[in-house]
Student: 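Got a structure for you, questions after.
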Amino acid sequence: MTKYDRYQPHKIEPYWRKKWEDTKIYRSVVDQTKPKHYALTMLPYPSGDLHIGHWYAIAPSDARARYMRMKGYNVLFPMGFDAFGLPAENAAIKRKVHPQTWTLNNIKRMREQLKSMGAMFDWEREIISCSPGYYKWTQWVFLKFYEKGLAYKKLSPVDYCPQCNTTLAREQVWGEDRHCERCQTPVVKKELNQWFFKITDYAEELLDFSKIDWPEKVASMQKNWIGKSEGAEVNFKLANKEVKVFTTRPDTLWGVTFMVLAPEHPLVDLITTDDYREQVEEYKFQTTRQSEIERLAVDKEKTGVFTGSYAINPVNGEKIPVWIADYVMMGYGTGAIMAVPAHDERDFAFAKKYNLPIKVVITPEGSELDELSQPYTEVDEGVMVNSAPFNGTPAREGKEKVITWLKEQGLGEKAVNYRLRDWLISRQRYWGAPIPIIYCEKCGNVPVPYQDLPVLLPEDAEFLPTGESPLKHHKAFLHTTCPQCGGPAERETDTMDTFICSSWYQYAYLSPNFEGETLFDPKEGEYWLPVDLYTGGVEHACMHLIYTRFFTKALRDLGIVDFDEPMLELRNQGIILGEDSEKMSKSRGNVISPDDLVEAYGSDTVRTYLMFGWRWDLGGPWNSRGIEGSYRFLNRVWELLLSPVEGDQNPSEDKCQTLLKKAHQTIKKASTDLEDFSFNTYLASLMELSNLLSKLKQDLWGTKAWSETSKNFTLLLAPACPHLAEELWSRLGGDYSVHNQPWPQWDEALVVEETVEIVVQINGRIKERLVIPIDAEEEQVREKALALEPIKELLKGKKPRKIIYVQGRLINIVI
RNA sequence: GCGAGAGUGGCGGAAUGGCAGACGCGCUAGACUUAGGAUCUAGUGGGCAACCGUAGGGGUUCAAGUCCCCUCUCUCGCACCA
């Protein structure tokens with residue numbers, strides 16, 4: 001290449017990418033002599049096009065990984081594709097292409113798009129979750145879970161999406177109208193025999209975030225989702241049976257005036273008296289119907305019916321009516337509640353509607369409550385009343401005391417409930433990993449033997465959705481022999497939720513398509529694991545991010561990994577909106593295509609703008625003028641470092657010092673900013689340095705300070721602009737590759753200014769400025785400040801009451 | 001309703017309790033140009049000024065965008081979970 005020409009990203013970017021590939025500089029192999037850093041960014045679903053959101057997530061993560069590499073870490077930064085899932089099937093149905101063909105074509109395209117980013121991926125570690133070499137291990141994990149009792153099959157009411165024709169996990173049902181996460185169709189309840197993973201076994205441990213540095217937001221979302229509540233289980237007598245009731249307010253037990261069972265509660269039929277049978281049946285019918293119709297009712301007025309039976313409150317022997325109502329759910333607690341209308345919003349509304357008694361048992365300290373217009377739900381200031389042995393006890397203490405008392409009396413005990421449900425993993429779809437189970441009439445559920453894995457997904461299945469699993473109609477797949485008795489048997493025809501594939505993918509990168517005995521090559525695992533830094537969107541907080549934590553804990557208990565958490569540090573990026581501040585979507589026509597941007601400005605500009613334009617964790621609307629600014633910056637950098645100066649030069653030691661000082665301040669700033677994911681200020685600091693460089697260029701071009709600084713500048717630029725930095729580096733005479741150079745070190749002595757301008761304040765208001773040596777004695781600064789004419793004038797001979805001096809910053813004279 | 005987070009120029013955004021608005025976009029003026037939506041230079045929170053300015057109101061402090069209390073607005077998550 002010639003010595004000086006224009007900045008032409010389209011020439012230099014493909015050139016260097018090819019060179020990197022040819023020289024394998026991003027190959028990451030175990031190297032015991034170096035500290036390791038496993039940087040992982042969420043793998044994309046191969047939808048067919050890499051969009052700007054992918055770039056926004058991945059490019060800054062790549063810059064961070066490159067920084068770590070230059071800092072001397074052996075960095076693993078892999079990439080792959082989460083390739084099973086519904087869109088492939090839907091596209092296939094629409095376009096009559098096989099889901100596999102569609103997926104693999106998309107991967108091919110997206111791999112090229114990803115490569116255009118110039119990231120430091122080690123493509124030899126690429127994983128594709130729909131390849132048999134991958135899903136063999138997904139099935140392997142299933143079998144391990146099954147052996148451990150963490151995978152089980154159960155007949156239960158489950159959420160079913162009538163549009164996607166499959167069941168869904170609780171996490172995949174969203175919003176008030178309980179719609180499908182993928183297609184927004186409201187789900188319906190169905191009674192089906194499905195496979196579950198026992199994530200609830202880990203509910204308590206999943207609440208512990210002490211071993212990981214994850215955003216508070218994600219932790220709180222997960223805690224919220226797991227929904228731990230502590231209280232008591234109390235035994236009520238009902239028709240010669242015992243009904244357990246969960247409550248978080250045992251202190252209100254004396255205020256129970258009725259009991260409510262979920263309509264599906266098994267005792268309902270037993271206790272309903274003949275007089276009420278008809279209305280109870282009618283109500284049960286209504287509620288089941290309701291869940292099948294659209295659930296649009298927003299302000300759901302509470303409804304219910306009396307069963308005709310009465311239960312006995314064990315604490316005072318009172319007889320209370322038993323109702324059924326759909327505000328009590330079978331899936332939480334015991335499906336039965338004790339209603340305390342005086343101290344619970346829902347019970348209050350219900351009691352008012354059906355004229356049930358309301359009995360006050362908690363009152364605010366020192367006052368009385370007779371007629372309630374609303375329930376008194378306060379705990380901290382409440383005191384127990386009308387509660388035989390506990391009158392006068394503060395409600396907060398009452399909770400614990402009553403539990404102890406219940407236990408002594410044999411009436412109940414302490415209990416904890418979680419909102420988290422077991423993970424429903426069966427999907428009645430084709431494009432997923434088959435569940436490796438065989439049903440034998442003689443032997444029952446038989447796991448597929450490990451040596452028979454993978455259970456291959458047949459390519460010639462009819463995958464049109466019918467509500468039944470497509471594999472059920474594939475005779476060759478369905479019919480098999482029992483591995484235990486050799487008799488005729490049938491395979492499980494449901495496939496696994498694709499979130500399973502992504503729950504362990506961080507381990508797959510260690511040894512893609514591993515052929516050994518366990519999930520991954522232990523030599524690799526021992527070195528690289530666990531993941532040091534995970535980056536991606538916060539939208540996965542209650543799905544992928546909770547699942548993968550569960551997986552790691554389960555794998556630990558199976559002896560497959562030896563740590564508790566999969567990813568030590570997590571960082572979430574924000575979302576880039578359209579220029580109209582709306583979510584990008586084809587229908588709105590506000591989609592920004594990264595391919596077009598790369599075409600127009602080159603990859604480095606796109607990377608730079610994505611890092612500079614927003615706070616990474618917040619994101620925000622796209623600005624098509626903004627990217628022009630980044631492009632201009634890179635052009636200026638090019639001119640600055642490469643085009644020689646003409647005419648007279650007037651270098652001076654002073655100017656050199658000024659430049660070196662700024663350079664070292666920039667090294668420090670850029671380092672700490674990259675450390676903190678503050679990509680925007682990292683680039684701002686580079687811009688400041690480049691502004692100073694251009695100011696001093698005429699005089700300093702060719703000096704040692706100039707060449708040293710331009711080399712350092714190039715190194716600092718390398719994480720953001722890998723191609724441009726490589727080109728500049730080579731033209732400045734550096735050895736290939738800039739990406740193998742150590743990150744520059746700053747000299748703290750140079751970072752510190754020798755003289756500073758401080759502010760002279762009177763009563764906290766700025767009145768004057770003063771230039772002083774940084775290490776000036778306070779006494780001298782005081783004298784100087786007080787000697788300033790404007791200050792003398794303002795003081796008018798008055799004696800300051802107090803003078804505060806903050807070294808190198810300001811002096812505040814209080815009068 | 002519950003939980004979390006955020007409110008700073010026209011815009012994106014900077015600011016260990018210590019000079020509010022770094023850096024950039026946009027805008028204004030000028031230079032160079034046949035031309036400029038290229039490039040370069042200068043300016044750019046408001047106000048003629050003293051001064052006033054970080055959603056609003058209190059407070060702590062010599063000093064508050066930053067810490068404390070209250071209010072408002074917005075975003076996100078959960079939502080009849082007993």
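Order of the sequence lines sets the chain letters (A, B, ...), proteins ahead of strands, with each chain counted from 1. Quantities reported herein were computed from a predicted structural model and do not represent experimental measurements.
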Student: In dot-bracket notation, what is the pairing pattern of RNA chain B, taking Watson-Crick (N1-N3 plus N6-O4 or O6-N4) and G-U wobble (N1-O2 and O6-N3) contacts under 3.5 Å, with [ ] crossing and | for other strands?
Tutor: (((((((..(((.....[....)))((((((.......))))))((....))..(((((..]....))))))))))))....
Student: For residues 221-231 of chain A, which residue pairs qualify under side chain to side chain donor-acceptor pair (under 3.5 Å), counting only residues two or more places apart or in two chains?
Tutor: A/Glu171-A/Trp225, A/Glu204-A/Lys228, A/Gln222-A/Arg549, A/Ser229-A/Tyr332
Student: Provide the full list of side chain to side chain donor-acceptor pair (under 3.5 Å) pairs with a residue in residues 800-815 of chain A, sequence neighbours left out, each pair given once.
Tutor: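 Checked against side chain to side chain donor-acceptor pair (under 3.5 Å) - neighbours excluded - no pair reaches residues 800-815 of chain A.
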Student: Considering only the C1' atoms, how many Å lie between B/rA20 and B/rA29, rounded to the nearest integer?
Tutor: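 Here B/rA20 and B/rA29 have their C1' atoms 27 Å from each other.
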Student: Between B/rG59 and B/rG17, how far is it from one C1' atom to the other, in whole Å?
Tutor: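 Approximately 15 Å lies between the C1' atom of B/rG59 and that of B/rG17.
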Student: Pick the P atom in B/rA63 and in B/rC70, then give their distance to the nearest Å.
Tutor: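 Rounded to whole Å, the distance is 23 Å.
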Student: When you compare B/rG47 with B/rC62, how far apart are their P atoms, in angstrom units rounded to a whole number?
Tutor: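 It comes out at 35 Å once rounded to the nearest Å.
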Student: Between A/Ser220 and A/Gly619, name the one whose nearest nucleotide on RNA chain B is closer to the 5' end.
Tutor: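 Going by which nucleotide is closer to the 5' end, it is A/Ser220.
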Student: Could you tell me whether A/Phe350 and A/Phe258 have their ring centroids closer than 6.0 angstrom?
Tutor: yes
Student: Quick one about A/Thr334 and A/Glu233 (side-chain donor to acceptor, distance below 3.5 Å, no hydrogens or angles considered), yes or no?
Tutor: no
Student: Which of these nucleotides, B/rC80, B/rC78, B/rA4, is closest to any side-chain atom of A/Trp225?
Tutor: B/rC78
Student: Could you state the atom-to-atom distance from CE of A/Met329 to C1' of B/rC80 in whole Å?
Tutor: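 Rounded to the whole Å, the gap is 6 Å.
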Student: What is the distance, rounded to the nearest whole Å, between atom CG of A/Asn572 and atom P of B/rG5?
Tutor: 14 Å
Student: It should be established whether A/Arg170 places a side-chain nitrogen or oxygen under 4.0 Å from OP1 or OP2 of nucleotide B/rA79.
Tutor: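 Looking at the OP1 and OP2 atoms of B/rA79, one of them is under 4.0 Å from a side-chain N or O of A/Arg170.
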Student: What's the gap between B/rG13 and B/rG26 when it is taken at their C1' atoms, as a whole Å value?
Tutor: 14 Å
Student: Round to a whole Å and report the spacing from CD of A/Glu639 to C1' of B/rA38.
Tutor: 12 Å
Student: Using the test salt bridge (charged side-chain N to carboxylate O under 4.0 Å, His left out), find all partners of A/Glu793 that sit at least two apart in sequence or belong to another chain.
Tutor: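 For A/Glu793 there are no salt bridge (charged side-chain N to carboxylate O under 4.0 Å, His left out) partners, ignoring immediate neighbours.
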Student: Looking at the angle O4'-C1'-N9-C4 for a purine or O4'-C1'-N1-C2 for a pyrimidine, is B/rG9 syn or anti, with syn meaning within 90° of 0?
Tutor: syn
Student: If the sugar-phosphate is the primed atoms plus P, OP1 and OP2 and the base is the rest, what is the B/S/- string for nucleotides 47-54 of chain B, using protein heavy atoms under 4.0 Å?
Tutor: ----SS--
Student: Using atom C1' in both nucleotides, what's the gap between B/rG57 and B/rC48 to the nearest angstrom?
Tutor: 32 Å
Student: With P as the reference atom in both, quote the distance from B/rA14 to B/rU44 in angstrom, rounded to an integer.
Tutor: 22 Å
Student: Distance only, no hydrogens: is a donor on one side chain within 3.5 Å (strictly under) of an acceptor on the other, for A/Glu688 and A/Gln665?
Tutor: no
Student: Round to the nearest Å and state the distance from A/Glu181 atom CD to B/rG77 atom P.
Tutor: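 About 12 Å, once rounded to whole Å.
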Student: Could you state the atom-to-atom distance from CG of A/Leu545 to P of B/rG77 in whole Å?
Tutor: 15 Å
Student: Looking across every strand, which nucleic acid part, if any, lies under 4.0 Å from A/Val328 by heavy atom: base, sugar-phosphate, or nothing?
Tutor: base
Student: Taking for each residue the nucleotide of RNA chain B bearing the nearest heavy atom, is the 5' side occupied by A/Glu171 or by A/Gly333?
Tutor: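 Looking at RNA chain B, the more 5' nearest nucleotide goes with A/Glu171.
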Student: Give a yes-or-no answer on whether the side chains of A/Glu748 and A/Trp746 include a donor-acceptor pair shorter than 3.5 Å.
Tutor: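 Result is yes, a qualifying pair exists.
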Student: Tabulate below the donor-acceptor pairs under 3.5 Å that side-chain atoms of residues 768-775 of chain A make, not counting sequence neighbours, or state none.
Tutor:
none

Student: With sequence neighbours excluded, what pairs up with A/Ser581 under the side chain to side chain donor-acceptor pair (under 3.5 Å) test?
Tutor: none
Student: Who pairs with A/Glu675 by side chain to side chain donor-acceptor pair (under 3.5 Å), at least two apart in sequence or on another chain?
Tutor: A/Tyr67
Student: Out of B/rG13, B/rG3, B/rA82, which has the shortest distance to the side chain of A/Tyr332?
Tutor: B/rA82
Student: Once you round it to whole Å, what is the distance between P of B/rC74 and CG of A/Leu618?
Tutor: 19 Å
Student: Rounded to the nearest 0.5 Å, how far does CG of A/Leu634 lie from CG of A/Leu717?
Tutor: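 Separation between the atoms: 7.0 Å.
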Student: For a quick check of understanding: with a heavy-atom distance under 4.0 Å over all strands, which category does A/Gly808 fall into, base, sugar-phosphate or nothing?
Tutor: nothing
Student: Sort and list the pairs that fulfil side chain to side chain donor-acceptor pair (under 3.5 Å) and have at least one residue in residues 255-266 of chain A, not counting sequence neighbours.
Tutor: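 Pairs touching residues 255-266 of chain A that pass the test: none.
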Student: What's the NZ-P distance between A/Lys223 and B/rG3, to the nearest Å?
Tutor: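 Answer to the nearest Å: 14 Å.
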Student: Can you name the side chain to side chain contact (heavy atoms under 4.5 Å, CB included) partners of A/Thr672, sequence neighbours left out?
Tutor: none
Student: In the 5'-to-3' direction, what one-character label does each nucleotide of nucleotides 16-31 of chain B receive under the scheme B = base within less than 4.0 Å of a protein heavy atom, S = sugar-phosphate only, - = no such atom?
Tutor: B-BBS-BBSSS-----
Student: With no angle test and no hydrogens, is the base of B/rC62 tied to the side chain of A/Lys802 by a donor-acceptor pair under 3.5 Å?
Tutor: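 Looking at the base of B/rC62, it does not pair with any donor or acceptor on the side chain of A/Lys802 (distance under 3.5 Å).
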Student: Among all residues two or more places apart in sequence or in another chain, which pass the salt bridge (charged side-chain N to carboxylate O under 4.0 Å, His left out) test with A/Lys284?
Tutor: A/Asp269
Student: For A/Asp251 and B/rA82, give me the distance from atom CG to atom C1', rounded to whole Å.
Tutor: 13 Å
Student: Using atom P of each nucleotide, how far apart are B/rA4 and B/rU8 to the nearest Å?
Tutor: 22 Å
